[in-house]
J.: 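This structure is in structure tokens; I'll ask about it shortly.
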Amino acid sequence: MKIDNILSALEAKHPGENEFLQAVKEVLVSIEDVYNQHPEFEKNRIIERLVEPDRIFTFRVAWVDDQGDIQVNLGYRVQFNNAIGPYKGGLRFHASVNLSSLKFLGFEQTFKNALTTLPMGGGKGGSDFSPRGKSNAEIMRFCQAFMLELWRNIGPDTDVPAGDIGVGTREIGYLYGMYKKLARENTGTFTGKGLEYGGSLVRPEATGFGALYFVQEMLNAKNIDLKGKTVAVSGFGNVAWGAVTKATELGAKVVTISGPDGYIYDPEGISGDKIEYMLELRNSGDDIVAPYAQKYPNSVFHASKKPWLEKVDIALPCAIQNELNLNDAETLINNGVTCVAEVSNMGCTAEAVDLFIEKKILFAPGKAVNAGGVATSGLEMSQNAMHIQWSAEEVDKKLHEIMKNIHEQCLKFGKGNEQYINYVKGANVAGFMKVARAMMAQGVI
Ligand code: 2IT
């Protein structure tokens with residue numbers, strides 16, 4: 001495999017898709033050795049086939065806002081790869097959404113889903129619609145208009161969307177409601193549903209809980225105790241909320257959260273009713289964290305800054321791709337950080353990741369750390385197919401086992417001759433091998 005040739009061909013075909021190219025490059029660099037040990041992969045053009053999505057749907061979403069004006073957004077669904085199961089992955093509603101970001105997310109999702117041990121392929125979708133400041137009625141009308149177009153292309157055994165940034169239980173409710181009306185069936189098709197209509201217990205918490213189970217495994221492998229450690233979290237949405245909840249429960253002290261407006265430093269730790277308050281902040285629809293400092297005066301709001309300036313033991317980016325750059329990585333390392341785990345997808349820039357690995361910082365990539373979210377979606381699919389509901393304990397136990405298994409897979413492929421565990425390599429090789437073998441078995445399609 002000639003990585004540079006593959007990347008330049010891809011760039012020529014898809015100019016300007018920087019996030020997608022970044023995600024592909026990271027995987028190619030990780031798998032190069034293994035790939036070259038398998039000439040059958042090269043012969044079957046596995047990589048050339050893997051870097052092009054199976055198909056992409058792009059559509060116009062026209063809807064009427066509360067003023068009676070017509071709004072036009074773009075909608076997408078990238079069905080990336082279904083070698084190991086139906087396309088599975090979230091929908092993101094955010095102003096930054098474009099084809100590059102959804103292709104990178106769908107590509108990552110393919111390997112992440114392979115790591116979960118469950119039979120799910122990779123997909124991703126969404127819209128450049130920004131929920132910020134929109135009324136409930138506007139959100140509903142947008143979701144309905146989005147679904148009028150997408151419903152034909154999804155189904156319980158073909159493509160199962162879920163939430164992501166800007167798409168939570170409320171949006172899934174509106175999307176699924178319209179889907180059911182059009183498709184005239186009640187077979188799941190979405191995950192992240194409300195508990196009353198087929199949702200799974202623990203799904204809302206799953207990404208953050210799973211991430212902390214994974215971090216615990218990383219620390220255990222180095223005989224480090226999570227108890228008493230200080231943690232910087234970015235973001236304040238569903239994923240950050242789950243991470244803060246579990247980190248606190250396990251005895252760590254979370255001292256930051258952040259929003260597009262800046263970050264909060266709370267030296268007393270974000271615990272108890274402060275965690276509940278995060279939900280209130282999110283539900284306000286304003287997309288800001290500044291009010292936290294008014295409510296809890298011992299905390300400080302730093303406008304337009306990121307939490308990586310604080311001296312902490314553990315950093316957990318939980319917001320969006322490339323939110324932690326080289327400067328941030330240098331600051332964290334200079335301040336003595338022990339562990340950095342991406343909870344957001346591709347939360348760190350390529351340069352930041354390279355530095356963490358060069359400096360032998362305990363670092364793990366999003367596709368391993370945050371896989372608990374989609375894994376629990378897989379468990380929701382199983383419950384829907386069996387027409388039953390598992391208890392919270394049962395789901396949490398399965399989630400915990402899955403995260404331990406993902407950690408094992410990372411160790412298997414990420415442990416070189418030295419003591420340092422390269423989780424980026426481990427996750428990419430483990431995920432890739434499963435997808436590649438499934439593709440080989442199913443011929444040229
Ligand atoms: O990035 C992700 O893994 C998600 N947004 C969750 C996807 C899912 O299908 O639960």
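We count residues from 1, following the sequence as given. Ligands are counted one by one from 1 in listed order, and the atoms in each one are counted from 1 as well. Computed from a predicted structure; not experimentally measured.
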J.: With sequence neighbours left out, what residues match Ser100 under side-chain contact (heavy atoms from CB on, under 4.5 Å)?
T.: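 Partners of Ser100 under the side-chain contact (heavy atoms from CB on, under 4.5 Å) test: Glu17, Glu19, Phe20, Asn98.
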J.: Distance under 4.0 Å to a non-hydrogen atom of Ser377: what atoms of ligand 1 satisfy this?
T.: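 Going through ligand 1 atom by atom, the ones under 4.0 Å from Ser377 are 8 (C), 9 (O), 10 (O).
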J.: Holding to ring-ring contact (aromatic ring centres under 6.0 Å, His included), I want the full list of residues that pass it with Phe209, two or more places apart in sequence or in another chain.
T.: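 Not a single residue meets the ring-ring contact (aromatic ring centres under 6.0 Å, His included) criterion with Phe209.
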J.: With side-chain contact (heavy atoms from CB on, under 4.5 Å) as the test, would you mind laying out the steps for Arg203 and Lys193 before giving the verdict?
T.: CA-CA 9 Å; Arg203 178 63 190 90; Lys193 300 186 291 297; over 6 Å; no
J.: Taking both backbone and side-chain atoms of Gly163, is any N or O found less than 3.5 Å from an N or O belonging to ligand 1?
T.: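 Checking ligand 1 against Gly163, an N or O pair does fall under 3.5 Å apart.
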J.: Looking at Asn345, which atoms of ligand 1 are within less than 4.0 Å of one of its heavy atoms?
T.: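 Near Asn345, meaning under 4.0 Å from one of its heavy atoms, ligand 1 has 1 (O).
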J.: Within the 4.0 Å heavy-atom shell around Lys124, which atoms of ligand 1 are there?
T.: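 Ligand 1 atoms under the 4.0 Å threshold to Lys124: 1 (O), 2 (C), 4 (C), 5 (N).
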J.: Going by the ring pair (Phe, Tyr, Trp, His ring centres under 6.0 Å) test, name the single residue among Tyr76, Phe57, Phe93 that passes it with Phe146.
T.: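 Output: one option passes, namely Phe93.
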J.: Identify, for atom 7 (C) of ligand 1, the protein heavy atom at the shortest distance, and state residue, atom and that distance.
T.: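 Result: Gly90 N, 3.6 Å.
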J.: Of all the non-hydrogen atoms in the protein, which one sits nearest to atom 6 (C) of ligand 1, and at what distance?
T.: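 Going atom by atom, the protein heavy atom closest to atom 6 (C) of ligand 1 ends up being Arg203 NH2, 3.6 Å.
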J.: Determine, for Lys404 against Glu408, whether the closest basic-nitrogen to carboxylate-oxygen distance falls under 4.0 angstrom.
T.: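 Judged by the 4.0 Å cut-off on N to carboxylate O distance, Lys404 and Glu408 do not form a salt bridge.
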J.: Can Lys134 be said to sit on top of Phe129's aromatic six-ring, NZ or CZ under 6.0 Å from centre and within 45° of the ring axis?
T.: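 Flagged: Lys134 positioned over aromatic ring of Phe129.
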J.: Quick test: of every protein heavy atom, which one is nearest to atom 5 (N) of ligand 1, and how far off is it to 0.1 Å?
T.: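 Result: Asp164 OD1, 2.9 Å.
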J.: With heavy-atom distances below 4.0 Å as the criterion, list the atoms of ligand 1 near Lys88.
T.: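 Ligand 1 atoms under the 4.0 Å threshold to Lys88: 8 (C), 9 (O).
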J.: Regarding Lys305 and the six-membered ring of Tyr263, is the cationic atom NZ or CZ under 6.0 Å from the ring centre and inside 45° of its axis?
T.: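 Because its charged atom misses either the 6.0 Å distance or the 45° angle limit, Lys305 does not stack over Tyr263.
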J.: Could you pull out, from Met381, Met120, Lys112, the option with a heavy atom nearest to atom 2 (C) of ligand 1?
T.: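 Minimum heavy-atom distance to atom 2 (C) of ligand 1 goes to Lys112.
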J.: Out of all atoms in ligand 1, which are within 4.0 Å of some heavy atom of Ala162? Include the element for each.
T.: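 Going through ligand 1 atom by atom, the ones under 4.0 Å from Ala162 are 8 (C), 9 (O), 10 (O).
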J.: Only heavy atoms of Gln109, strictly under 4.0 Å: list the atoms of ligand 1 that pass.
T.: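 Within the 4.0 Å cut-off of Gln109, ligand 1 contributes 1 (O), 2 (C), 3 (O), 7 (C).
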J.: Please work out which of the three classes, parallel, tilted or perpendicular, describes the rings of Phe111 and Phe432, given edges at 30° and 60°.
T.: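 Tilted: the ring planes of Phe432 and Phe111 meet at 30° to 60°.
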